[in-house]
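Just below is one structure, and these are the notes that go with it.
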Amino acid sequence: MSINVLIDVDYNPHDRCIYLYLLNGLIKDRNFKPYFYVDAPIEDIKKYLEKNHKELLYHIEKLETIERAMIDRNLKGRNRIIKKTLTKVVVKYPKDVPKLRVLRELGEIYEHDIPFTKRYLIDNDIIPMIYYRNIEDKEREIVGNEIPELKAVAFDMEVYCEGREPVPDRDPILMVSFYSQGMKKVLSYKPFEHEYLELVENEKELIKRVVKILKDYDLIYTYNGDNFDFPYLVKRAKYLGVNIPLDIRISRGGMHLRSYIPGKIHIDLYPIVRRTLNLSKYKLEDVCYELFGVRKLEVGHRNISKLWKEEDRNLVEYSFQDAYYTYLVGEYFLPLEVMFSRIVNQTPFEVCRMSSSQMVEYLLLRYSYRKNFLAPNRPSEEEYKRRLNEYYEGGYVKEPIRGIHENIVSMDFRSLYPSIIISYNISPDTIDCECCEGESEKIHGHWFCRRRRGLIPEVLYKLIERRKEIKKKLKRIDRNSSHYSLLDYEQRSLKVLANSHYGYLAYPRARWYSKECAEVITYLGRMFIQKTIEEGERYGFKVIYADTDGLYVTMDGIKSKEELLERTYEFLREINKKLPKNMELEFEGYYKRGLFVTKKKYALIDENGKIIIKGLELVRRDWSNIAKKTQREVLKALLEKGNIKMAKDIIINTIEDLRKGRINKEDLIIYTQITKDISQYKTTAPHVEVAKKILRNGGRLKVGDVIGYIITSGSKPISERAELPEDAENYDVNYYIDNQVLPPVIRIMEALGISKEELKSESRQSTLQDFFRI
DNA sequence: GCGGACTGCTTACCT
DNA sequence: ACAGGTAAGCAGTCCGCG
């Protein structure tokens with residue numbers, strides 16, 4: 001009995017076949033060949049190639065006439081499913097597909113841009129990252145849902161750099177650290193005093209040793225290894241003339257690099273962290289603090305060379321910690337990525353580098369293949385630009401009743417958009433179908449097929465049903481068991497994927513793009529939330545606020561929390577009776593008090609004193625810490641104690657501290673992301689000016705980097721006074737008082753009906769009770 | 001020439 | 001490099017005033 005796991009798929013160019021890398025072993029599949037479709041008869045293709053591209057004939061394995069279902073749109077905009085006859089062009093090698101795209105001269109070509117290994121996983125029934133019995137058989141059988149026990153290692157490199165960006169043909173690799181279960185190691189060719197240090201002779205030996213260690217592992221975690229560690233290692237090895245006995249493939253994927261090692265899973269945590277966490281900065285230190293609350297040893301790139309020269313053991317410790325924490329972050333994210341890999345049916349290496357829209361697309365490609373549908377082509381650049389200019393209306397947001405409210409209940413629609421898609425069968429292949437015209441109800445100018453379930457509703461239904469099953473199971477089992485956490489990861493990944501489908505439909509680069517579908521979905525969403533608000537008001541609720549799929553309500557004259565909840569549940573029963581199947585309005589939470597400032601900006605406190613904050617400055621990274629801290633404390637005073645005097649005192653004390661210079665530099669930094677190439681900016685803005693300064697001084701800067709700066713004193717525009725924290729020798733007291741600390745707290749106080757002027761005369765002792773007579 | 005009102009660009013949040 | 005809705009800051013321009 002053999003139990004095994006598929007961890008990677010690669011096309012081996014020497015062997016000219018698919019390699020299925022298993023946890024233990026390798027399967028070669030010589031039978032699967034690359035292919036695509038052409039809308040032209042076999043004979044025409046043959047004639048055309050004979051005449052124009054004789055050399056390409058050799059690359060063709062075979063030509064086959066096949067039928068695929070596709071959507072046919074007539075001049076009146078009605079759609080129907082037709083059986084399209086196409087030629088399947090099967091070629092010898094993956095590289096032949098791009099060459100044979102010349103056949104588009106004869107007719108539309110389809111599915112010509114699906115990478116071969118991905119194609120393999122779409123067409124074949126084998127799931128990565130799951131234990132199989134008899135994996136090599138067609139009758140392979142899944143055994144358990146555990147995360148495969150892979151030999152995992154984290155690695156990190158330190159490189160010499162003198163202020164500027166390190167260059168491979170100048171700056172050497174100094175040390176390389178590893179962490180794995182049972183291995184703590186820092187390689188270097190300088191003798192540091194440290195227990196984990198392994199001394200090697202020189203840099204060449206260091207590189208050889210690194211590769212030798214990496215070869216032993218299935219799973220490699222890095223932090224920015226795609227763009228830095230691996231490319232640098234490879235370039236440096238080349239420069240030094242070291243032969244690396246490991247196939248490290250660096251390729252370009254859009255703006256970024258990818259570092260792939262066949263048969264291994266390289267997980268670069270940096271892109272995952274960027275996608276998943278919302279932080280001010282994304283250094284490993286910041287991630288550690290966010291995830292584990294641990295303050296990791298920080299050195300700063302500019303000091304590495306100094307510590308190296310001084311043979312400071314702290315460099316070894318720092319380097320080791322990089323590997324160690326990379327490993328921990330890796331363990332943290334692995335299960336979720338494994339679940340994505342299984343659901344999307346692509347390798348973990350690929351899935352880790354996919355955006356949610358790409359995952360949706362591969363999921364759809366698989367279903368469409370199974371149903372014998374032809375996948376729509378990706379849009380041309382012109383089509384993409386046309387789509388970019390298409391606008392439509394989104395969710396409904398109700399203007400909140402500003403101020404403090406007590407006894408608040410929130411309710412929301414469980415997965416509003418997915419449930420609308422399923423309930424109304426909204427899909428590019430069901431919209432405005434010929435077969436149901438006049439029969440199927442017209443919604444916002446469109447109707448949807450009643451005879452056949454659409455691709456997207458079908459995929460969503462499967463995802464949601466699977467998630468329901470899991471949630472049912474979760475209720476029955478012990479929260480602390482490993483089984484529980486596995487299922488929890490699975491249901492989380494299912495939720496992410498289900499929620500990405502609506503956005504995908506409106507994404508201009510999507511194959512299954514349909515602005516019309518997206519438009520109907522939001523239309524129905526607006527209808528449901530507005531109807532719910534109306535019904536709620538009719539029922540006796542005061543609707544404080546609503547946004548897209550949820551609402552906050554109170555009820556005047558209510559005596560207790562229990563009474564409110566009772567009324568809420570009764571309301572929910574009534575509403576849910578009227579809603580379509582698959583749709584449900586749910587109780588979300590009870591809050592003893594809440595402060596609503598504007599649309600998208602409010603704060604709530606529950607019975608346990610837990611404070612929830614949405615949209616306010618204090619949850620935004622582009623406000624200084626001092627401004628955020630002050631707002632948080634003011635809010636706390638108001639929500640917990642209802643004490644306005646206390647709030648005023650906090651503000652006055654902060655201003656005093658700012659005037660007296662009693663503020664940490666850290667607390668003055670404002671973080672702003674660079675979202676495009678510096679030359680693309682049309683206006684002068686503080687973060688852009690600082691970015692220009694960094695570039696002028698030979699610094700490295702990428703799109704997506706977050707810049708921190710402090711506003712220094714002077715009378716010129718703010719942009720000209722923004723300095724990097726390390727360069728800032730003073731700060732503009734008045735700017736921090738008038739433009740940072742005060743506006744956020746004033747907005748809160750004004751929501752309570754306290755004017756700026758009143759705030760300034762802080763003498764009167766007062767509480768919220770005075771204002772609202774609670 | 002001055003200062004407030006307004007606009008466009010930009011960011012980061014909410015759902 | 002999934003969507004639209006939203007608040008808000010900064011820089012620059014407009015506009016009325018006199």
Side-chain angles (χ1 to χ4, degrees), chain A residues 253-256 271 274-275 278-280 353-361 364 378-379 384 387-388 390-400 410 412-413 415-418 496-515 517-519 521-523 525-526 529 545-552 588 596-602 612-624 627-628 670-676 680-689 703-704 706-707 711 716-722 735 738-740 743-744 746-747:
Chain A
M255 301 239 297
H256 301 277
R274 280 306 297 252
R275 277 201 304 271
N278 188 4
L279 304 175
S280 294
R353 286 157 184 79
M354 279 184 193
S355 63
S356 52
S357 69
Q358 282 173 301
M359 286 202 257
V360 167
E361 190 144 292
L364 293 177
R378 287 215 290 252
Y384 168 70
R387 291 177 180 183
L388 264 186
E390 286 195 316
Y391 288 104
Y392 69 97
E393 207 176 325
Y396 170 74
V397 189
K398 185 190 186 300
E399 192 64 53
S410 78
D412 54 23
F413 282 96
S415 310
L416 177 69
Y417 289 169
V496 168
L497 286 170
N499 287 337
S500 303
H501 280 70
Y502 152 72
Y504 174 85
L505 280 171
Y507 172 49
R509 288 204 196 274
R511 287 175 188 269
W512 280 273
Y513 172 85
S514 173
K515 190 210 76 169
C517 286
E519 201 169 21
I521 295 164
T522 58
Y523 168 82
R526 289 195 299 278
I529 193 70
Y545 178 59
D547 186 348
T548 312
D549 64 351
L551 68 165
Y552 292 92
E588 192 274 332
F596 291 79
V597 182
T598 58
K599 284 177 176 179
K600 317 262 183 198
K601 291 195 171 190
Y602 58 94
I612 291 125
I613 289 152
K614 301 287 179 182
L616 292 172
E617 287 75 6
L618 74 102
V619 298
R620 293 176 64 101
R621 71 152 154 255
D622 55 355
W623 285 87
S624 64
K628 300 202 279 189
I670 299 163
Y671 294 100
T672 314
Q673 195 183 186
I674 295 292
T675 59
K676 51 188 154 193
Q680 300 295 303
Y681 280 94
K682 290 175 184 163
T683 52
T684 21
H687 68 293
V688 182
E689 295 309 302
V703 171
V706 176
I707 295 202
I711 303 300
K716 285 185 280 186
I718 281 141
S719 296
E720 290 181 50
R721 291 188 275 128
Y735 174 82
D738 296 334
N739 298 47
Q740 287 284 323
I746 284 176
R747 279 192 279 273

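Lettering follows sequence order; numbering is per chain, from 1. Computed from a predicted structure; not experimentally measured.
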Of the nucleotides C/dA11, C/dA1, B/dT10, which one has an atom closest to the side chain of A/Ile718?
C/dA11
Here's a test of your reading of the structure: between A/Glu617 and A/Tyr502, which maps to the more 5' nucleotide of DNA chain C?
A/Tyr502
Side chain of A/Tyr392: nearest nucleotide among C/dA3, C/dT6, C/dG9?
C/dA3
With a 4.0 Å cutoff (strictly under), does any side-chain N or O of A/Thr683 reach OP1 or OP2 of B/dC9?
no
Taking the side chain of A/Lys614 as its heavy atoms from C-beta onward, which of C/dC10, B/dC14, C/dC2 lies nearest to it?
B/dC14
Length of the line joining A/Asp547:CG and B/dC14:C1', which is rounded to integer Å:
6 Å
Taking any heavy-atom pair under 4.0 Å as a contact, classify A/Arg620: base, sugar-phosphate, or nothing.
base
From C-beta outward on A/Arg747, which listed nucleotide comes closest to its side chain: C/dG9, B/dT15, B/dT10?
C/dG9
Enter the distance from A/Tyr681:OH to A/Ile674:CD1 here, rounded to the nearest 0.5 Å.
4.5 Å
Using atom CE of A/Met359 as one end and atom C1' of C/dA1 as the other, report the distance to the nearest whole Å.
14 Å
Could you state the atom-to-atom distance from NZ of A/Lys600 to P of C/dA7 in whole Å?
9 Å
Mapping A/Ala685 and A/Leu388 to their closest nucleotides on DNA chain C, which lands nearer the 5' end?
A/Leu388
A/Phe596 CZ to B/dT15 P: how many Å, rounded?
10 Å
Roughly how far, to the nearest 0.5 Å, is the OH atom of A/Tyr507 from the NE2 atom of A/His501?
15.0 Å
Please test A/Tyr523 against A/Glu393 for side-chain hydrogen bond (donor to acceptor under 3.5 Å, both in side chains), starting from the C-alpha separation and ending with a verdict.
CA-CA 8 Å; A/Tyr523 168 82; A/Glu393 207 176 325; over 6 Å; no
Under 4.0 Å from OP1 or OP2 of C/dA8: is there any side-chain N or O of A/Lys601 that close?
yes
Answer with base, sugar-phosphate or nothing: what part of the nucleic acid does A/Val597 contact at a heavy-atom distance below 4.0 Å?
nothing
Base of B/dT11, side chain of A/Arg621 - is there a donor-acceptor contact under 3.5 Å?
no
So does A/Gln673 get a side-chain nitrogen or oxygen closer than 4.0 Å to the phosphate oxygens (OP1/OP2) of B/dA12?
yes
Do any side-chain nitrogens or oxygens of A/Thr548 fall under 4.0 Å of OP1 or OP2 in B/dC14?
no
In the structure I gave you, are the side-chain heavy atoms of A/Gln740 and A/Ile670 within less than 4.5 Å of one another anywhere?
yes
Per atom distances to the A/Tyr735 side chain, the nearest of C/dC10, B/dA12, C/dA8 is C/dC10
Check whether any side-chain heavy atom of A/Phe413 sits under 4.5 Å from a side-chain heavy atom of A/Ile529, and report yes or no.
yes
A/Pro717 side chain, from C-beta outward: closest of B/dC14, C/dG9, C/dA11
C/dA11
Counting heavy atoms from C-beta on, name the nucleotide in B/dT11, C/dG9, B/dT15 closest to the side chain of A/Lys676.
B/dT11
Whole Å only: how far is the OH atom of A/Tyr681 from the P atom of C/dC10?
16 Å
Using a 4.0 Å heavy-atom cut-off across all strands, classify A/Gly394 as base, sugar-phosphate, or nothing.
sugar-phosphate
Taking 4.0 Å as the cut-off, does a side-chain nitrogen or oxygen of A/Thr684 come that near to OP1 or OP2 on C/dC10?
no
Residue A/Thr675, side-chain heavy atoms: nucleotide from C/dG12, B/dA12, C/dA8 that is nearest
B/dA12
Base, sugar-phosphate alone, or nothing: which one does A/Tyr513 contact when heavy atoms must sit under 4.0 Å apart?
nothing
Nearest-Å distance, CG (A/Asn278) to C1' (B/dC13)?
8 Å
Rounded distance (Å) that lies between atom P of C/dA7 and atom CG of A/Leu616
13 Å
Spacing between A/Glu689 atom CD and B/dT10 atom P, to the nearest angstrom
13 Å
What's the closest nucleotide to the side chain of A/Ser355 if the choices are B/dC14, C/dC2, C/dG12?
C/dC2
Do the ring planes of A/Tyr545 and A/Phe596 sit parallel (below 30°), tilted (30 to 60°) or perpendicular (above 60°)?
tilted
Nearest-nucleotide pick for A/His687, side chain only, options being B/dT11, C/dG9, C/dG4:
B/dT11
A/Lys599 versus A/Glu399: any side-chain heavy-atom pair under 4.5 Å?
yes
